[in-house]
Amino acid sequence: MNPSDLGPLIFPTAGLGRVDPCRTAGRAGLPARPAGPIHPEDIADVAELALTTDTVDGETISLGGPQTLSFGDQVQTLGGLLERRIELREPTREQAAEQLRGHVPAPLVEAVLDYWSQLPGEQTEAARSVERITGRPGRTFRQWATEQLAMFR
């Protein structure tokens, strides 16, 4: 068995930085870039197969969730689940950096912003990676948000 490299692209837990603004002000400042947030349990399922089978033997795989959603789409999903409107404002790069500093190590803030600015605007192969490897569709952002909804109240 050869080592495999699994690279999750965007974690839905990036949404944790949106918790306080969603809960207290009913607004969120987010870049309007699309992403394919991958459910942590999907990462675990793929990792388990990588460790216990030859399904991904020696591959380098970008992992993404089954949907490409902008951060705004993710906030709208949260607003729908919370049954309230959340105002969206696209921040300047400086505002986004300030928001990230609350939950991302300082040396990584600029790298995260650079990464977000380069995300593709369409579905990528990463969006189908969980299904290709596990044989079942990946869990959606809505599923993750529903499981974590208490955090956003």
Side-chain angles (χ1 to χ4, degrees), residues 3-48 50 59-134 137-153:
S4 298
D5 182 14
L6 306 178
L9 298 177
I10 290 283
F11 296 90
T13 50
L16 296 179
R18 300 185 277 272
V19 170
D20 286 334
C22 289
R23 189 180 324 144
T24 59
R27 70 175 171 257
L30 302 161
R33 298 300 301 173
I38 182 165
H39 195 292
E41 290 185 27
D42 286 335
I43 298 168
D45 291 347
V46 172
E48 179 182 14
E59 291 184 52
T60 297
I61 301 167
S62 294
L63 297 173
Q67 306 162 290
T68 300
L69 303 169
S70 71
F71 291 115
D73 294 333
Q74 294 172 45
V75 168
Q76 291 302 320
T77 297
L78 289 171
L81 293 170
L82 293 166
E83 299 178 343
R84 68 175 193 246
R85 184 178 181 282
I86 300 172
E87 177 186 346
L88 297 174
R89 295 182 187 165
E90 185 167 358
T92 65
R93 184 176 176 96
E94 294 76 27
Q95 291 168 328
E98 184 61 34
Q99 185 178 359
L100 282 173
R101 284 186 190 101
H103 61 278
V104 173
L108 298 179
V109 168
E110 289 300 318
V112 168
L113 292 172
D114 290 342
Y115 174 73
W116 283 348
S117 72
Q118 297 170 20
L119 289 171
E122 68 283 336
Q123 285 283 80
T124 64
E125 183 57 33
R128 294 176 288 282
S129 57
V130 172
E131 185 169 7
R132 179 179 68 81
I133 295 164
T134 67
R139 295 166 180 93
T140 65
F141 178 79
R142 177 177 285 279
Q143 287 172 286
W144 175 85
T146 299
E147 294 164 5
Q148 307 303 320
L149 201 55
M151 277 191 309
F152 293 94
R153 291 200 187 275

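Below, each value reflects all heavy atoms present in this structure, side chains not excepted, and no hydrogens, waters or symmetry copies.
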Check against side-chain contact (heavy atoms from CB on, under 4.5 Å), Q74 and L78: CA-CA 6 Å; Q74 294 172 45; L78 289 171; 5.8 Å; no

Passes side-chain contact (heavy atoms from CB on, under 4.5 Å), I61 versus R132? Steps please. CA-CA 11 Å; I61 301 167; R132 179 179 68 81; 4.0 Å; yes

Show, in sequence, the C-alpha distance, side-chain angles and deciding distance for H39 and E147, and conclude whether the side-chain contact (heavy atoms from CB on, under 4.5 Å) test is met. CA-CA 11 Å; H39 195 292; E147 294 164 5; 2.8 Å; yes

Show the numbers, then the answer: is there a side-chain contact (heavy atoms from CB on, under 4.5 Å) between D45 and V130? CA-CA 8 Å; D45 291 347; V130 172; 6.0 Å; no

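Annotation for P66 and G138: closest pair CG-O, 3.4 Å, computed over non-hydrogen atoms. The two residues L108 and V104 make their nearest non-hydrogen contact at CB-CG1, 3.8 Å. Nearest heavy atom pair, residue P37 against residue Q67, reads CD-O, 4.0 Å.
Considering only residues two or more places apart in sequence or on other chains, T140 meets the side-chain hydrogen bond (donor to acceptor under 3.5 Å, both in side chains) condition with Q143.
Side-chain contact between D42 and L63: absent, with no pair of heavy atoms (C-beta onward) separated by less than 4.5 Å.
Ion pair R93/D114 flagged as a salt bridge, since at least one NZ, NE, NH1 or NH2 atom sits closer than 4.0 Å to an Asp/Glu carboxylate oxygen.
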